[in-house]
Amino acid sequence: MRLSRYFLPILRETPKEAEIVSHRLALRAGLIRQESAGIYAWLPFGLRVLNRICAVIREEQNRSGAIELLMPTIQSADLWRESGRYDAYGKEMLRITDRHEREMLFGPTNEEMITEIFRGYVRSYKSLPLNLYHLQWKFRDEIRPRFGTMRSREFLMKDAYSFDIDQAAARHAYNRMFVAYLRTFERMGLKSIPMRADTGPIGGDLSHEFIILASTGESAVFCHKDYLDFAVPPADTNFDSVDELAGIVSKWTSLYAATEEMHDAAAFAQVPQAAQVSARGIEVGHIFYFGTKYSEPMRAVVAGPDGVERPVHMGSYGIGPTRLVPAIIEASHDEAGIIWPDAIAPFNAAILNLKPGDSATDTVCGTLEQALEARGLSALVDDTDERPGAKFATADLIGLPWQIIVGPKGLAEGKVELKRRATGERALMSPEDAVERIAS
RNA sequence: CGGGGUAUAGCGCAGUCUGGUAGCGCGGUAGUUUUGGGUACUACAGGUCGUAGGUUCGAAUCCUGCUACCCCGACCA
C-alpha cells in the first residue's frame with residue numbers, strides 16, 4: 001500500500017480530550033475518530049488492527065472447539081422479559097421503539113438470544129457439548145464512557161456461550177475458554193492474569209476476569225508475581241482432555257489473584273511480601289459459569305440418557321477487541337509512538353522511500369513491497385514528499401514492527417537499512433536480506 | 001446522577017475581565033529552497049466565535065436558557 005494513496009490522518013498535536021497514552025496515540029496515529037461520547041469510527045489503519053485482533057480471537061476460539069455464528073444487534077424486549085432482565089438491566093440498556101411501537105433494544109449482550117436459538121433446535125444431550133460464539137457490536141449506555149475505546153458505549157465483543165448437560169461438563173467448557181483466553185492474549189503480546197471476579201449482572205457463581213497489568217488500568221488488582229512468568233499452554237494442547245485442561249486451570253488459579261471487588265486482604269497477606277503485586281489492571285476478558293440461570297426461566301431443556309428433560313448448564317465468555325486495541329498500546333509503546341506486536345500489526349513493515357522520484361529508490365521500494373507480498377506479508381510504502389525526518393517520525397508513531405529505509409546513500413552501496421521498531425536496532429543489508437529477515 | 005471544567009479555522013491556543021466588526025502556531029494549497037531524524041522563505045485559502053434569545057448605536061466579549069464534549073466519583077468486555 002502506498003501512503004500517498006492511503007487514508008492515514010496523522011495528527012502532529014494531541015487532541016486535548018485524550019488523557020491516557022493509548023487514547024492519545026490512537027488519535028494521533030489515525031486509528032479512530034470520536035463521533036459522539038463513547039462512540040467511535042474506526043479509520044482504515046485502526047480497522048486493520050481490529051481485524052487482526054479478531055482473527056487471532058477466531059483462531060483460538062475455533063481451536064478450542066467453539067463455533068462461530070452471527071446474531072443481530074437489535075433484539076426484542078420480549079426476549080429479555082423471559083429472563084427477567086428487561087427490567088433488571090437498568091439504564092445501561094439502550095431501549096428503542098420501532099414504527100409499530102414494538103419495544104426493541106440494542107443488545108448489550110446475547111445470553112437471551114443464544115438461549116432462544118439453542119432451545120429452538122437442540123433436544124438431546126447427544127448434541128452436547130456445544131459452544132457458539134460471535135463477534136458483534138454491543139451497546140451499553142455507560143454512565144461515563146472514557147479513555148477512547150477503552151470504555152466506549154458502542155464496542156465490539158466476542159461473546160461465546162456454552163451449553164452442557166451438567167455442571168461437570170460445563171466446568172470443562174469453562175476450562176476450554178480459560179485456556180483459549182490465555183493463548184489469545186499471549187499471542188497479542190500481552191501477559192494476562194486470570195483473577196477471581198465478581199459476576200455482576202450477568203449472574204452465576206464462577207467467574208474469572210483476564211487482567212492486563214497497566215498503570216492506567218481502571219481497577220485495582222492484587223496478585224502473586226509468579227503469574228507473570230507462567231508458561232502459556234501450547235497450540236497442541238488437547239482441548240478434549242478434561243484432565244489436561246483441569247490441570248492447566250488448576251495451576252493458573254493456584255496463586256492469589258483478585259480484583260478489588262473480590263480482594264481478601266487477609267489471604268493476600270499470606271503471599272510472601274516480595275511476591276505481592278499490587279497494581280492496576282485492564283480487564284480484557286471475562287468468563288462466567290452461571291448454570292441454569294437462563295435455561296430454566298427460558299426453558300432450554302434437553303433430554304438426558306435417562307430420557308428425562310433438564311435445563312442445560314451454561315456459561316458465557318467475553319473478550320473486547322475494541323478495548324484490546326488501547327490495551328495493547330498501553331502495554332507496547334514508547335515516547336515516539338506505538339510498537340505493534342507482530343501478530344496484530346496493521347502492516348508487517350514500513351518502507352520509507354527517502355527520495356521519491358529517484359528512479360533507484362522508487363524501484364527498490366516497489367521491489368521490496370512485491371517481495372514481501374510474495375511472502376504473504378504486507379507493507380506500507382511512504383512515498384510522500386515529506387522530508388526524511390518527518391518520515392522517520394511518522395513511522396515511529398504508527399509503530400509497524402519493521403522499517404526498511406531506502407535512500408540514495410545506502411543504495412549507492414546496494415544496501416537498505418532495516419530497523420526493528422521495538423528495539424531500535426538497525427542494520428545495513430541488501431534488500432533481499434531485509435525481506436528474508438522480516439519473513440523469518 | 002453528584003462535583004468540577006471547556007466550547008473561537010482541520011488540530012493546539014490567544015482575544016472575553018475593561019463591548020468597537022477576529023488573531024497566533026501547527027496543518028492545508030501554490031511556488032522557491034532543502035533532502036538520512038519533524039528545513040527555510042514567500043504568497044494564498046480557510047472562522048454563522050457551540051446554539052437560541054436578551055441588553056446595546058454596536059456583542060466572541062455583558063445577561064438568561066439550551067446543547068455538546070472533557071475531567072473526578074458510583075457501573076462494565
Side-chain angles (χ1 to χ4, degrees), chain A residues 9-20 23-24 27-28 30 33-39 53 57 89-93 107-110 135-160 181 184-185 197-202 207-212 218-219 259-261 282-288 316-327 336-337 352-358 361 384-397 403 405-412 415-417 419 424 426 428:
Chain A
I10 301 279
L11 303 179
R12 263 180 94 147
E13 289 173 274
T14 306
K16 63 178 171 184
E17 74 268 18
E19 294 283 314
I20 63 171
H23 191 192
R24 286 201 294 269
L27 289 169
R28 288 197 55 214
R33 176 179 178 81
Q34 182 172 343
E35 292 297 335
S36 289
I39 300 180
I53 287 173
I57 291 172
Y89 213 88
K91 299 187 101 171
E92 274 68 42
M93 185 149 73
T109 179
N110 284 65
L135 280 141
Q136 179 61 287
W137 292 91
K138 304 291 189 292
F139 192 93
R140 292 182 190 172
D141 201 353
E142 296 281 346
I143 296 166
R144 185 149 95 86
R146 66 183 116 175
F147 301 151
T149 61
M150 188 79 83
R151 170 182 299 290
S152 51
R153 295 195 294 166
E154 186 182 67
F155 61 97
L156 190 59
M157 180 159 84
K158 184 289 298 178
D159 38 327
Y181 277 30
T184 301
F185 300 129
D198 194 12
T199 53
I202 304 279
S207 174
H208 285 89
E209 287 183 15
F210 286 74
I211 300 282
I212 306 302
E218 288 195 89
S219 35
T259 60
E260 202 167 16
E261 303 81 53
I282 300 168
E283 180 190 354
V284 291
H286 201 159
I287 62 178
F288 302 87
S316 72
Y317 315 89
I319 294 179
T322 46
R323 174 177 285 181
L324 275 166
V325 174
L352 310 194
N353 186 342
L354 295 191
K355 195 170 183 184
D358 177 279
T361 61
T384 63
D385 285 327
E386 291 295 330
R387 297 177 53 80
K391 292 188 180 188
F392 294 133
T394 296
D396 286 347
L397 172 64
Q403 296 171 14
I405 297 153
V406 183
K409 283 189 190 170
L411 284 190
K415 304 224 163 148
V416 298
E417 188 175 5
K419 174 179 164 181
R426 45 175 86 196
L428 285 169

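Proteins come first, then strands; the chains are lettered A, B, ... in the order of their sequence lines, and each starts at number 1.
- Using a 4.0 Å heavy-atom criterion, one finds that A:D396 contacts the bases of the nucleic acid, with or without backbone contacts as well.
- Comparing B:G50 with B:A60, their C1' atoms sit 12 Å apart, to the nearest whole Å.
- A:G410 comes within 4.0 angstrom of a nucleotide base, judged by non-hydrogen atoms across all strands.
- A:I10 places its CD1 atom 12 Å from the P atom of B:G28, with the value rounded to the nearest Å.
- Residues A:F392 and A:L354 meet the side-chain proximity criterion, which asks for heavy atoms closer than 4.5 Å.
- Contact annotation: the side chain of A:M150 approaches that of A:I20 to within less than 4.5 Å [non-hydrogen atoms, C-beta and beyond].
- Residue A:K355 is out of contact with every strand shown, counting any heavy-atom pair closer than 4.0 Å.
- Between the P atom of B:C1 and the CD atom of A:E92 lies a distance of 12 Å, rounded to the nearest Å.
- B:C71 sits 14 Å from B:C13 when the P atoms are compared, rounded to a whole Å.
- One can find a donor-acceptor pair under 3.5 Å joining the base of B:C76 and the side-chain atoms of A:R151.
- Not one side-chain nitrogen or oxygen of A:R387 sits closer than 4.0 Å to the OP1 or OP2 atom of B:U33.
- The shortest distance between side-chain heavy atoms of A:K91 and A:I143 does not fall below 4.5 Å.
- Residue A:R12 places its side chain closer to B:G38 than to any other of B:C11, B:G38, B:C71.
- With B:C75, B:C76, B:G25 as the choices, the nucleotide that has an atom nearest any side-chain atom of A:R323 turns out to be B:C76.
- Under the Watson-Crick or G-U wobble criterion, with both distances below 3.5 Å, B:C1 is paired with B:G73.
- Between A:I287 atom CD1 and B:A77 atom P there is a gap of 12 Å when expressed in whole angstrom units.
- Of the candidates B:U6, B:C1, B:A77, B:U6 carries the atom nearest the A:K16 side chain, counting heavy atoms from C-beta on.
- At the heavy-atom level, A:T14 lies under 4.0 Å from the strands shown only through sugar-phosphate atoms.
- Using a 4.0 Å heavy-atom criterion, one finds that A:L354 contacts the bases of the nucleic acid, with or without backbone contacts as well.
- Across B:U48 and B:A7, the matching C1' atoms stand 15 Å from one another, rounded to whole Å.
- A:V416 pairs with exactly one of A:T361, A:L428, A:L411 by the side-chain contact (heavy atoms from CB on, under 4.5 Å) rule, that one being A:L411.
- Residue A:F288 has its side chain nearest to B:A77 when only B:C71, B:C75, B:A77 are considered.
- Distances from the side chain of A:F392 to the nucleotides B:G37, B:C11, B:C75 place B:G37 closest.
- Of all nucleotides listed (B:U35, B:G38, B:A77), B:U35 comes nearest to the side chain of A:P388.
- In this structure, A:Y181 and A:V284 have side chains that are not in contact, with every pair of non-hydrogen atoms separated by 4.5 Å or more.
- Each of B:G12, B:G73, B:C69 was ranked by its minimum atom distance to the side chain of A:Q34; first place goes to B:C69.
- Rounded to a whole angstrom, the distance from the P atom of B:G3 to that of B:G38 is 49 Å.
- Contact annotation for A:G285: backbone-only contact, meaning every heavy-atom pair under 4.0 Å involves sugar-phosphate atoms and none involves a base.
- Here, B:U61 and B:A52 have their P atoms 13 Å apart, quoted to the whole Å.
- A:S152 comes within 4.0 angstrom of a nucleotide base, judged by non-hydrogen atoms across all strands.
- Within 4.0 Å (heavy atoms only), A:A37 reaches sugar-phosphate atoms of the nucleic acid but no base atom.
- Taking only side-chain atoms of A:S36, from C-beta outward, the nucleotide of B:G38, B:C69, B:C72 with the closest atom is B:C69.
- Projected onto RNA chain B by closest heavy-atom contact, A:E19 and A:Q403 fall at different nucleotides, the more 5' of which corresponds to A:Q403.
- Taking atom CE of residue A:M93 and atom C1' of nucleotide B:A77, one finds them 17 Å apart after rounding to whole Å.
- A donor atom on one side chain and an acceptor atom on the other are not found under 3.5 Å apart for A:T384 and A:E386.
- Within the 4.0 angstrom heavy-atom criterion, base atoms lie near A:R28.
- Using a 4.0 Å heavy-atom distance criterion, A:I405 is classed as a base contact.
- Within the 4.5 Å cutoff, no side-chain heavy atoms of A:H23 are placed close to those of A:R146.
- Side-chain N/O atoms of A:R144 include one lying less than 4.0 angstrom from OP1 or OP2 on B:C72.
- Nucleotide B:A9 forms no Watson-Crick or G-U wobble pair with any nucleotide shown, as no partner meets the under 3.5 Å limit on both distances.
- Atom CE in A:M150 sits roughly 16 Å away from atom C1' in B:C71 (whole-Å rounding).
- Nucleotides B:U16 and B:U55, compared at atom P, are 25 Å apart to the nearest Å.
- Heavy atoms of A:E17 sit under 4.0 angstrom from primed sugar atoms or phosphate atoms, though from no base atom.
- Comparing the same atom, C1', in B:U34 and in B:C41 gives a spacing of 11 Å after rounding to whole Å.
- Nucleic acid contact class of A:E209 (heavy atoms, under 4.0 Å, all strands): none.
- Going from the P atom of B:U42 to that of B:U6 covers 36 Å, rounded to whole Å.
- Between A:E154 and A:W137, the closest side-chain pair of non-hydrogen atoms falls below 4.5 Å.
- Taking each heavy atom of A:K391 and A:N353 in turn, the nearest pair found is NZ-O, 2.6 Å.
- Counting any heavy atom pair closer than 4.0 Å across all strands shown, A:E283 reaches sugar-phosphate atoms only and no base atom.
- In terms of position along RNA chain B, the nucleotide closest to A:E13 lies nearer the 5' end than the nucleotide closest to the other residue of the pair A:E154 and A:E13.
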